[in-house]
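The first residue in the sequence is number 1, and the count goes up from there.
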Amino acid sequence: MSRTRRTAHAVAAAALLAAALTACGGGSPTAGGGGKAEMKKKPDMAISVNLTGDQVKAGEPVKVTLADGKFALVKVTDAKGGELAGKISDDGKSWTSERNAAPGAEYRVEAQNTDSQSANTQFKTTAADKVNKVTINPGKATGVVGIAQPVSLVFDNPVKNKADVEKHLKVTTSNATEGSWGWFKDYSGNDRVDWRPREYWKPGTDVKVEMNLNGVDSGQGGGYFVRDYDTGFRIGKDRRMEVDLDTRKMKVTEDGQVVETIAVSAGTPGGQKASWAGKMVLMAKEGTIRMDSQTVGLGDSYDKMVDSSMRLTWSGMYVHAAPWNSANFGRANTSSGCVGMSSSDAAAFYARAQPGDLFEVVGDGSKGTADIGNGYGEWNLSWDEWKAKSALSGAPQSG
């Protein structure tokens, strides 16, 4: 090969190398230092975040936007390493968190595009001026409950943003039980939301409740939630009690079979000492407790220690041992509103019963049905009536 041809090949090869570097580097090569080509550094990826700085108001989702290209990954974590879950949009140009930024938290945003470029930023939210909290029943330590037990949440402060709060509540069951949340006032006067199945629970059902409330705004006068909550329980035996005010008998049914009929004396008809009627739920087994009539607006009728006490309403209706009234068991309703029975019957029933068991009072002489928040009165409503109490248009939730 002639010297002229060798020179031409060398020039062509250098031109190809320069073109390749231009394609890889995203910029034009520059000559220098012995004729070596250098590629310019690709510019950093540009992102924007809707929340910036160290005085960010909490209570809204985090949205990360990409100026050019598409996201491959976005990760938002708090100071404790907890990750804020989210989703990249269909066009790849934005990412939005599934949950709100929580009050009093520091967040770091890390993003990467499909060209393997990365960017990061951080921000801090201000602490909540007012914090809302929730009391949960059944609690984590409850374990096994009866077929009529609802999930019940009572809030410390008012909840104006009921629909937004309800969206962050989730009930999951082992058999896809259908149910719905319903809002009303608790006996205490506080806002309350319960989850009730469409029908009574099936025995053996496992229930998990997740309250992903951290960062949710209760609305005016309520403040923010600053933590998540959860609980779980299992449904035990199908046990139902029916008190007939006419016969003065309590029938106990388990799994569809009558296992016991107990002579009782219920509330005195014709006034405030009458018993509540309708469907109730055995709220708690409280054992031996002091009962003082003055605490429930009945003057000085009684003040005594009472054994085998099981609560039915917040206003003070119980099932319990009442040996002082033995002459009236099965004969007359003469109590101050509770359902009394012999000490032996009460002790045996107390050992058998579980919170969440269904309790129904039928017959004449009651003072009507207790308010829905005076205990667990939701079973006195039809399914359609109950669904209508949801802040999400009565839409049922299957777990």
Side-chain angles (χ1 to χ4, degrees), residues 50-51 56-63 76 84-87 89 94-105 125-126 128-138 150-173 176-198 207-231 371-373 376-399:
N50 62 326
L51 306 177
V56 174
K57 183 180 179 182
E60 62 177 297
V62 179
K63 186 171 183 178
V76 179
L84 198 61
K87 184 179 180 182
S89 62
S94 65
W95 176 95
T96 306
S97 64
E98 296 174 358
R99 300 182 56 183
N100 296 339
T125 58
T126 58
D129 292 334
K130 191 173 188 178
V131 174
N132 206 349
K133 297 180 181 179
V134 58
T135 300
I136 305 160
N137 195 51
V151 177
S152 185
L153 312 180
V154 180
F155 301 93
D156 283 8
N157 300 330
V159 179
K160 301 295 183 183
N161 299 338
K162 290 181 172 61
D164 193 30
V165 169
E166 190 174 328
K167 287 177 185 176
H168 290 83
L169 308 177
K170 183 180 180 182
V171 176
T172 305
T173 69
T177 300
E178 182 182 3
S180 178
W181 293 100
W183 291 86
F184 51 95
K185 290 291 186 182
D186 183 59
Y187 187 71
S188 64
N190 290 4
D191 283 326
R192 174 174 152 189
V193 63
D194 285 9
W195 195 94
R196 195 204 92 176
R198 179 170 185 165
V207 185
K208 180 182 179 181
V209 187
E210 297 169 274
M211 295 150 270
N212 298 317
L213 294 171
N214 194 6
V216 177
D217 184 3
S218 301
Q220 185 178 6
Y224 283 93
F225 296 96
V226 297
R227 56 163 292 193
D228 294 333
Y229 300 83
D230 66 90
T231 190
D371 184 78
I372 187 173
Y376 302 125
E378 44 258 69
W379 293 107
N380 293 304
L381 302 181
S382 70
W383 175 237
D384 287 340
E385 289 172 330
W386 177 250
K387 285 194 300 180
K389 289 189 171 294
S390 167
L392 301 176
S393 302
Q397 179 192 42
S398 295

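To the nearest 0.5 Å, the span separating OG on Ser218 from OH on Tyr224 amounts to 9.5 Å. Taken to the nearest 0.5 Å, the CD atom of Glu378 stands 7.0 Å off from the OG atom of Ser152. To the nearest 0.5 Å, atoms NZ (Lys57) and CG (Leu51) are separated by 12.0 Å. Atom-to-atom distance recorded for Asp230:CG and Asn212:CG is 9.0 Å, nearest 0.5 angstrom. Rounding to the nearest 0.5 angstrom, the gap separating the CE atom in Met211 from the CZ atom in Arg227 is 8.5 Å. Here the CG-CG distance, from Asp156 to Asp191, works out to 11.0 Å after rounding to the nearest 0.5 Å.
Counting heavy atoms from C-beta outward, Thr96 and Lys87 have side chains that stay 4.5 Å or more apart. Under the 4.5 Å side-chain criterion, counting only non-hydrogen atoms from C-beta, Lys133 is in contact with Tyr229. No side-chain heavy atom of Phe225 sits less than 4.5 Å from a side-chain heavy atom of Asn214. Side-chain contact check for Asp228 versus Glu210: every heavy-atom pair is 4.5 Å or farther apart. Here the side chains of Glu60 and Asn50 are in contact, with some heavy-atom distance below 4.5 Å. Counting heavy atoms from C-beta on, the side chains of Val165 and Leu213 come closer than 4.5 Å. By the 4.5 Å heavy-atom criterion applied to side chains, Tyr187 and Val154 are not counted as neighbours. Taking the side chain as every heavy atom from C-beta outward, Arg196 and Trp383 approach each other to under 4.5 Å.
For Arg198, the salt bridge (charged side-chain N to carboxylate O under 4.0 Å, His left out) partners at least two apart in sequence or on another chain are Glu178.
When all heavy atoms of Pro138 and Val151 are compared, the closest pair comes out as CD-CA, 4.2 Å. The two residues Val226 and Pro103 have their closest heavy-atom pair at CG1-CG, 4.1 Å. A pairwise comparison of heavy atoms in Gly221 and Asn157 identifies O-CB, 4.0 Å as the closest pair. Of all non-hydrogen atoms in Val62 and Ala101, the two that sit nearest each other are CG2-CB, 4.2 Å.
The existence of a salt bridge linking Lys387 and Asp384 is confirmed by a sub-4.0 Å separation between a basic side-chain nitrogen and an acidic carboxylate oxygen.
Side-chain N or O atoms of Asp186 include none that pairs as donor or acceptor with a backbone N or O of Arg192 at under 3.5 Å. The main-chain N or O of Ala102 is never found under 3.5 Å from a side-chain atom of Asn100 such that the two would form a donor-acceptor pair. Distance alone, capped at 3.5 Å, is enough to place a donor-acceptor pair between the Asn161 side chain and the Asp217 backbone. For Ser94 (side chain) and Ser89 (main-chain N/O), no donor-acceptor pair under 3.5 Å exists by modelled atom type. The main-chain N or O of Phe155 is found under 3.5 Å from a side-chain atom of Asn190 such that the two form a donor-acceptor pair.
Annotation: Lys162, atom NZ; neighbour count of heavy atoms from other residues, nucleotides and ligands within 6.0 Å is above 12.
Classified by interplanar angle (parallel below 30°, tilted 30° to 60°, perpendicular above 60°), the ring pair Trp181/Trp195 is perpendicular.
Of the options Leu153, Val134, Val216, Val209, a side-chain contact (heavy atoms from CB on, under 4.5 Å) to Leu169 is made by Leu153 and by none of the others.
A donor atom on one side chain and an acceptor atom on the other are found under 3.5 Å apart for Asn137 and Tyr376.
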